[in-house]
Number of protein chains: 4
Amino acid sequence: MQRSRSTDKRNRILQAAVKVFADKGFYVARVSDVAREAGVADGTIYLYFASKGELLRGLFEENMGRLIERVRSVAGSSDSATQRLERIWSDYVAFVQTEPELAEVLTVELRESGKFMNEFAADLFGAFLRVIVEVIAEGQSQGELRSDVSARTVARLMFGAFDELSLSWVMSKNKWDLDASGREALAIFLAGLRPDSNQTQSN
Amino acid sequence: MQRSRSTDKRNRILQAAVKVFADKGFYVARVSDVAREAGVADGTIYLYFASKGELLRGLFEENMGRLIERVRSVAGSSDSATQRLERIWSDYVAFVQTEPELAEVLTVELRESGKFMNEFAADLFGAFLRVIVEVIAEGQSQGELRSDVSARTVARLMFGAFDELSLSWVMSKNKWDLDASGREALAIFLAGLRPDSNQTQSN
Amino acid sequence: MQRSRSTDKRNRILQAAVKVFADKGFYVARVSDVAREAGVADGTIYLYFASKGELLRGLFEENMGRLIERVRSVAGSSDSATQRLERIWSDYVAFVQTEPELAEVLTVELRESGKFMNEFAADLFGAFLRVIVEVIAEGQSQGELRSDVSARTVARLMFGAFDELSLSWVMSKNKWDLDASGREALAIFLAGLRPDSNQTQSN
Amino acid sequence: MQRSRSTDKRNRILQAAVKVFADKGFYVARVSDVAREAGVADGTIYLYFASKGELLRGLFEENMGRLIERVRSVAGSSDSATQRLERIWSDYVAFVQTEPELAEVLTVELRESGKFMNEFAADLFGAFLRVIVEVIAEGQSQGELRSDVSARTVARLMFGAFDELSLSWVMSKNKWDLDASGREALAIFLAGLRPDSNQTQSN
DNA sequence: GATGAATGAGGGTTCATTCAT
DNA sequence: TATGAATGAACCCTCATTCAT
């Protein structure tokens, strides 16, 4: 828990980076923009991060870490898979609503940046996804969710759906009710995942 | 059908841009990379596009236009909403499989670039989404799909889900069966959208 | 008098160059601007001039040549030095008024370009000046003009004065009466050059 | 008197620019030439000037300002108009001799650049000219100088004459005596401007 | 001769990174 | 630790020139 140098300043820089990257995008944002936003000198950033890229990496690490912890603690509860999915979902809604800029950065930059920090970004995202996969797999093995679909696919679907929903909410400047849409979305998924739901399926 | 200068060359440049942008991302890619890939001189690109940004814009315009046409023609058929969704879906799978690099660029760069060509990108994406919204709305008004959810939300969900699925397929270098996952995904959605599926919904 | 290729087209290009260079200056003007103005293709210019620089050189040569001829024929007359200076002067006024753009190019670009075609520009200008020097020297040797000043200096003075006058007239878009100013200027010079005018000179 | 960043460095860059622009001309000169001459990195120039053009503008501003001050202080003295013209003239000679490169840049580039920074250059030059106009007008109203000529025209004449004289001196690498020529020139002007000098005027 | 699409060297400018203070 | 002036590599873009038609 101990760090050399001031953890405060490091955090200020990270938060500034979130704001600036969300606003302009990683590539368009200048290191000096982040410095100004953080209220430090340009050079100071390099006392905490080796490069602009490492700043983004640090940002991912720190925040995805937090997110993964959060989702893990929910996923680890003794509730039913359905209930846990509901809670993960609403927890994520809360996160997006509380920290929309961070949500935007994690979502948008994770993709473009995949280009230059591939395995790393993939790892974090993979860790996140794995938690959901497990909940779903448990739901399937206990007959709570239909078993004729790959848990991995389902997890990706849900993540993708939610990602799109929250991103468009963030980018539309919160003009509509994310809670409500989120509930609708979850309802559709849970309905589509009921064990008996595969009966009428055509192709 | 006639253009000034060679449409061939313009297309070669666009295709090269797709390849290069897919590989490195728009910001990391150099104009000279595109030129080399296209087999033209750097300057030649500027005979067809006013700037690197306009090249990306042209790429979107041309290809999103094609995609939208495609999805529109399917959406306009006289089939049931369910059937049309199935066909749109499989059509999109085919597109992603045929032109994975293009799919990657359209998906990834549309986001990061939203930062510098906002309304434009939003328009194209909006047009695409609207087609799907209509199919869903028709399905709802004819009792084919549940009506207690917003068509717009559903469209976004499906798009997001599919987008994530295809993107991860593309980025994982086609290691798994996109067709199969796509069918599973569609099955879940259609099941979740059946008119009677809202009965067991909890919260 | 015979030239290979069309002398017409060569002249059209030269005239276009005068117009364009006067408007934008040599360095800012593009070869394609000249081509457009001349109504020919870019490449055509290179059939008549080896380079953009040679185009300027050709422009100088052709027109300074003309000017020098003109001034020489006046200078060679049997009139008194004073009268010849008057006629040279009014002739130059007529030239500036008839071809202001050419006057501007010759005046302005001769200087900046001196940087890249030094001896050449200097030669042409030297030839021009020499004619005036001779008239003045003759006036001096015949007691018509004061002899206590260098003819070369006087020629430069008169040229510089007139150059400034006409240039500011051209650049001010002909807002004032160049004829009148020219006459005033000449009056001053001639008065200052009278043999007896050195009597009251202080330092 | 305090500026952000080092005024020293700004001045070093300005002086380097004078040297380089005098040598090659503004358009042929490369920013990197100026940087090398100033002993700084290319990028450093942009810490002090927004663009190459602004560097030229800054150069004008700074130095023309100095010149105008100088001429103004002479012009404001209580001497006779004639004496003041003499002192302005000799002061300018001194300036040209002390800083020939600067004189060259101010003279030559002011013209070519008129093309891209018109009003600005015109303003500075106008301010300079106005001072001389006033001296002459005062001389006229006090009967010291002939009144049948426009003070503005006279000022332009004198400036043009002097400009030409000093420029050719600078460009000929100081091969002759500028002092002497300058005195001759002034003698001619003053003689030509004597109140009684209009008696023999022909046309 | 004439064209104008293509070329590619070169330059202005930016900005991540360094380092003397 | 912190600063921010300085650096200079790198890139987008321009445009004089060429050459296949």
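The figures here come from the full heavy-atom set of this structure, side chains too, leaving out hydrogens, waters and symmetry mates. Throughout, protein chains are lettered first and strands after them, A, B, ... in sequence-line order, and every chain is numbered starting at 1.
Rounding to whole angstrom units, CG of residue D:Asp33 and P of F:dG8 are separated by 16 Å. Between the CG atom of D:Leu47 and the P atom of E:dA16 there is a distance of 14 Å, given to the nearest Å. A straight line from CG of C:Leu55 to P of F:dC15 spans 16 Å, rounded to a whole angstrom. Distance A:Phe49 CZ to E:dA16 P: 15 Å, rounded to the nearest Å. The distance from atom CD of A:Glu54 to atom P of E:dT18 is 13 Å, rounded to the nearest whole Å. Between A:Ile45 atom CD1 and F:dT1 atom P there is a gap of 16 Å when expressed in whole angstrom units. When the C1' atom of E:dA5 is taken as reference, atom CG of B:Asp8 falls 14 Å away, rounded to whole Å. In this structure, D:Leu56 atom CG and E:dG12 atom P are separated by 13 Å, rounded to whole Å.
Applying the side chain to side chain donor-acceptor pair (under 3.5 Å) criterion to D:Glu37, with sequence neighbours excluded, gives no partner residue. Annotation: ring-ring contact (aromatic ring centres under 6.0 Å, His included) contacts of A:Phe125 (sequence neighbours excluded): A:Phe159. Listed by chain and residue number, nothing satisfies the ring-ring contact (aromatic ring centres under 6.0 Å, His included) test with B:Phe60 (two or more places apart in sequence, or in another chain). In this structure, B:Arg30 has no salt bridge (charged side-chain N to carboxylate O under 4.0 Å, His left out) partners at least two apart in sequence or on a different chain.
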Find every protein N or O atom lying less than 3.5 Å from an N or O atom of nucleotides 10-13 of chain F, and list the pairs.
{"residue": "F:dC11", "atom": "OP1", "partner": "B:Arg30", "partner atom": "NE", "Å": "3.1"}
{"residue": "F:dC12", "atom": "OP1", "partner": "B:Arg30", "partner atom": "NH1", "Å": "3.0"}
{"residue": "F:dC12", "atom": "OP1", "partner": "B:Lys52", "partner atom": "NZ", "Å": "3.4"}
{"residue": "F:dC12", "atom": "OP2", "partner": "B:Val31", "partner atom": "N", "Å": "3.2"}
{"residue": "F:dC13", "atom": "OP2", "partner": "B:Tyr46", "partner atom": "OH", "Å": "2.6"}
{"residue": "F:dC13", "atom": "OP2", "partner": "B:Lys52", "partner atom": "N", "Å": "2.9"}

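Helical stems in DNA chain E, defined as runs of 3 or more consecutive Watson-Crick or G-U wobble pairs with donor-acceptor distances under 3.5 Å: E:2-21 with F:2-21.
Phosphate contact (OP1/OP2 of F:dA2, side-chain N/O of A:Tyr48, threshold under 4.0 Å): present. A sub-4.0 Å separation between OP1 or OP2 of E:dA2 and a side-chain N or O of C:Lys9 is present.
When side chains are defined from C-beta on, B:Arg57 does not count as touching B:Phe49, because their heavy atoms never get closer than 4.5 Å. The closest side-chain heavy-atom distance from C:Leu102 to C:Leu59 is below 4.5 Å. Under the 4.5 Å side-chain criterion, counting only non-hydrogen atoms from C-beta, B:Tyr48 is not in contact with B:Leu14.
In this pair, B:Tyr27 and A:Tyr27 present their aromatic rings parallel. The plane angle is below 30°, not in the 30 to 60° band.
In this structure, B:Ile45 and B:Leu55 approach most closely via the heavy-atom pair CG2-CD2, 4.3 Å.
Minimum atom distance to the side chain of A:Thr44 is reached by F:dA2, of the listed E:dT7, F:dA2, E:dA2.
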